Amino acid sequence: MASELAQKLNLLMQSGNSLISIETGDEQRATKIILAAITLRSVSLYDWSMTRGLRKVDRDGVPGLPTVEGPKAAATLDFIEQNTEAAIYVIRDFAPHCRDAFVVRMLRDLESTLEQRGATIIFLDAAALPDDVRRLTVRFDIGWPTTDEIENVIKQTFQRIRRNADTTVQSTVTKRDAEQMVQTLRGLSLKDVGRVVAAAIYDDYALTVDDLPRLVEAKRTLLGNIGSLEDIAVDFSVDDIGGLRNLKSWLRQRRGGFSRQAQEYGIEPPRGVLMLGVPGCGKSLCAKVVASDWNMPLLRLDPGVLYQKFIGESESQLRRALLQAESMAPVVLWIDEIEKAFASASGDSSDGGLSQRMFGTLLSWMQDHRHPIFIVATANDISALPPELMRKGRFDEVFFVDLPSEPAREQVLGIHLERRQRDPSKFNLPILAKECRDFSGAEIEQAIVSALFAAFSEHKDLADQHILSEMKKTRPLAVLSAEKVASLRAWANDRCVSAD
Ligand code: ATP
């Protein structure tokens with residue numbers, strides 16, 4: 001809570017830390033916390049920015065006339081040196097001024113003076129201060145807005161719009177929907193929460209549960225792609241997956257697992273699944289469906305981007321990616337082909353233990369983090385997987401995704417025909433499903449795509465024989481690498497739960 005943070009900040013100042021740095025993109029929220037911290041003490045507050053100079057601020061946050069005008073940081077530090085009050089100074093965007101050696105020296109000289117007077121400078125920056133200045137300061141992390149803060153902004157935005165609108169503004173949001181909205185908007189600044197909610201209301205002068213996908217989308221675009229995390233747009237439903245009955249019902253049961261009600265009921269939030277299996281059978285599709293069905297953004301951890309050419313950078317890159325996922329939570333974090341990212345962690349690696357260390361970082365994070373993050377890890381090759389990954393407790397379940405059974409193939413055929421505006425009831429699905437034995441879902445889809453081209457070139461509508469003929473031409477991967485698939489199946493038999 002903001003007041004809790006204000007108390008912490010106050011404690012930090014009172015315990016003699018005269019240089020404090022707050023690094024945040026949410027300047028407004030940081031200012032509120034500072035103002036709340038000030039009310040706990042009888043000290044003066046000054047605020048400096050390049051554009052507005054140094055101004056004394058009253059307890060409501062209203063600034064007076066500039067005490068020091070202009071953009072010069074040195075003049076302000078000089079004033080602070082001379083001012084004998086036990087004041088608190090908020091200095092905004094100081095990072096660029098640290099390039100001036102004179103300014104940095106002044107700051108070093110000021111440190112002990114401030115200490116003696118019980119005065120504090122708080123640096124408020126969107127970017128990190130350079131290392132040499134940062135080392136002089138104590139960092140104060142304001143974290144991300146709490147659920148209570150977000151809930152308040154949603155309410156205030158709704159009330160403000162209702163007050164000012166010429167027409168009736170409605171809300172049909174239940175307590176449960178509201179909670180999901182709050183969860184969805186975590187990771188955004190309060191200002192962005194206000195903007196996104198206002199846009200959702202102005203759209204139809206109502207706030208309803210139908211706004212949820214819109215909020216997810218807005219969050220996606222606001223946060224954009226971040227380093228090795230790729231943000232994926234998803235628009236799928238469970239009905240887009242053929243077969244995989246067990247996996248689908250498992251996921252359906254865990255749908256509300258992050259809600260407050262589930263927690264009150266005594267349910268531990270779900271942590272994630274590992275899906276192992278034959279390529280092209282719908283593992284990636286499942287990751288997308290979970291995100292869309294649970295109304296969460298989908299972040300894909302890209303192992304390629306993770307590995308950097310400089311030693312040490314890869315690990316910090318991974319840590320940064322995990323921190324970013326935490327800040328955006330609730331999210332679905334998809335680690336595609338996990339064996340590729342951490343392959344050499346399983347045996348003697350030739351990378352000086354890098355992948356082993358990276359893997360260790362990931363495992364301990366998976367064990368320790370307490371954020372609403374659902375991990376979907378997919379893998380095609382188990383021999384490359386370090387055994388620790390399979391240990392109970394890492395993932396809630398390990399599923400084996402096999403080639404689709406005959407009934408599942410019928411469903412997959414139906415799904416892909418429908419996706420291409422064809423009525424599945426006009427096709428002999430049982431015969432087609434028999435013909436494509438050993439096909440993966442992706443290969444079934446490909447047969448339909450090729451059949452469409454064939455029919456189009458003949459100026460005919462798509463019919464069974466086009467699809468049958470394409471299927472006959474296909475040599476499925478499972479046949480080409482039959483041994484590999486057989487050994488994968490044998491391995492998974494007593495270690496994994498069947499997805500179908
Ligand atoms: P890989 O390991 O090669 O990434 P994968 O198991 O993740 O494969 P997907 O990428 O999900 O497989 O499958 C590719 C495409 O094949 C999907 O986008 C989908 O169109 C189709 N497909 C695969 N399996 C199914 C299925 N069970 N139901 C419907 N479509 C499927």
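For ligands, and for the atoms within them, numbers begin at 1 and follow the listed sequence. In this text, all values refer to a predicted model and were calculated from it rather than measured experimentally. Numbers for residues simply follow the sequence, beginning at 1. Note: hydrogens, waters and symmetry copies are ignored here, and every other heavy atom, side chains too, is used.
- In terms of protein heavy-atom proximity, atom 14 (C) of ligand 1 is nearest to Ala442 CB, 3.9 Å.
- The side chain of Glu445, and not its backbone, has at least one atom closer than 4.0 Å to an atom of ligand 1 (non-hydrogen atoms only; side chain from C-beta on).
- Between Tyr202 and Tyr205, the ring planes lie perpendicular to each other; the angle is over 60°, past the 30° to 60° tilted range.
- In terms of protein heavy-atom proximity, atom 11 (O) of ligand 1 is closest to Leu285 N, 2.9 Å.
- No more than 12 heavy-atom neighbours from other residues, nucleotides or ligands sit within 6.0 angstrom of CZ on Arg162.
- Short contacts between ligand 1 and Asp240, defined as distances under 4.0 Å to a heavy atom of the residue, involve ligand atoms 28 (N), 29 (C).
- Of all protein heavy atoms, the one closest to atom 30 (N) of ligand 1 is His416 NE2, 2.9 Å.
- Of all protein heavy atoms, the one closest to atom 22 (N) of ligand 1 is Gly441 C, 3.8 Å.
- When only interatomic distances are considered, the shortest N/O to N/O separation between Cys281 and ligand 1 falls below 3.5 Å.
- Between the side chain of Thr208 and the main chain of Asp210, a donor-acceptor pair closer than 3.5 Å is present.
- Proximity of Val412 to ligand 1, defined as any heavy-atom pair under 4.0 Å, is confined to the side chain (atoms from C-beta onward).
- In summary, the side chains of Asp26 and Thr24 do not present any donor paired with an acceptor at a separation below 3.5 Å, with no hydrogens or angles considered.
- Of the polar atoms of Ile415, none of the N or O atoms is found under 3.5 Å from an N or O of ligand 1, judged by distance alone.
- At a 4.0 Å cut-off, not a single heavy atom of Gly243 sits close enough to ligand 1 to count as contact.
- Between Asp336 and ligand 1 there is no heavy-atom distance shorter than 4.0 Å.
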Donor-acceptor pairs are to be reported for all side-chain atoms of residues 286-294 against protein atoms at under 3.5 Å, with residues two or more places apart or in another chain.
| from | atom 1 | to | atom 2 | distance (Å) |
| --- | --- | --- | --- | --- |
| Ser292 | OG | Phe236 | N | 3.4 |
| Ser292 | OG | Phe236 | O | 2.3 |
| Asp293 | OD2 | Arg255 | NE | 3.3 |

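- Between Phe374 and Trp250, the angle of the ring planes lies from 30° to 60°, which puts this pair in the tilted group.
- For atom 1 (P) of ligand 1, the closest non-hydrogen atom on the protein side is Gly280 N, 3.7 Å.
- Annotation for ligand 1: atoms under 4.0 Å from non-hydrogen atoms of Ile241 are 27 (N), 28 (N).
- Residue Asn380 places a heavy atom under 4.0 Å from ligand 1.
- Val169 and Ile201 get closest at one heavy-atom pair: CG1-CG2, 3.6 Å.
- Shortest contact from atom 6 (O) of ligand 1 to any protein heavy atom: Lys283 NZ, 2.8 Å.
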Cut-off 3.5 Å, no hydrogens considered: what does the side-chain donor-acceptor table look like for residues 426-438, sequence neighbours left out?
| from | atom 1 | to | atom 2 | distance (Å) |
| --- | --- | --- | --- | --- |
| Asn428 | OD1 | Ile431 | N | 3.4 |
| Lys434 | NZ | Glu406 | OE2 | 3.2 |

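- Across Ile467 and Leu417, no two heavy atoms sit closer than the pair CD1-CD2, 4.0 Å.
- For the residue pair Ala499 and Phe399, the shortest heavy atom distance occurs at CA-CD2, 3.9 Å.
- Ranking the protein heavy atoms by distance from atom 10 (O) of ligand 1 puts Ser284 OG, 3.4 Å first.
- Taking 4.0 Å as the cut-off between side-chain N and carboxylate O, Glu445 and Arg420 count as a salt-bridged pair.
- Contact atoms of ligand 1 toward Gly242: 26 (C), 27 (N), 28 (N), 29 (C) (distance under 4.0 Å to a heavy atom of the residue).
- At least one heavy atom of Arg419 sits closer than 4.0 Å to an atom of ligand 1.
- When hydrogens are left out, the protein atom nearest atom 12 (O) of ligand 1 is Gly282 N, 3.2 Å; that is the closest non-hydrogen contact.
- Judged purely by distance below 3.5 Å, without hydrogens or angles, the side chains of Thr146 and Glu149 pair a donor atom with an acceptor atom.
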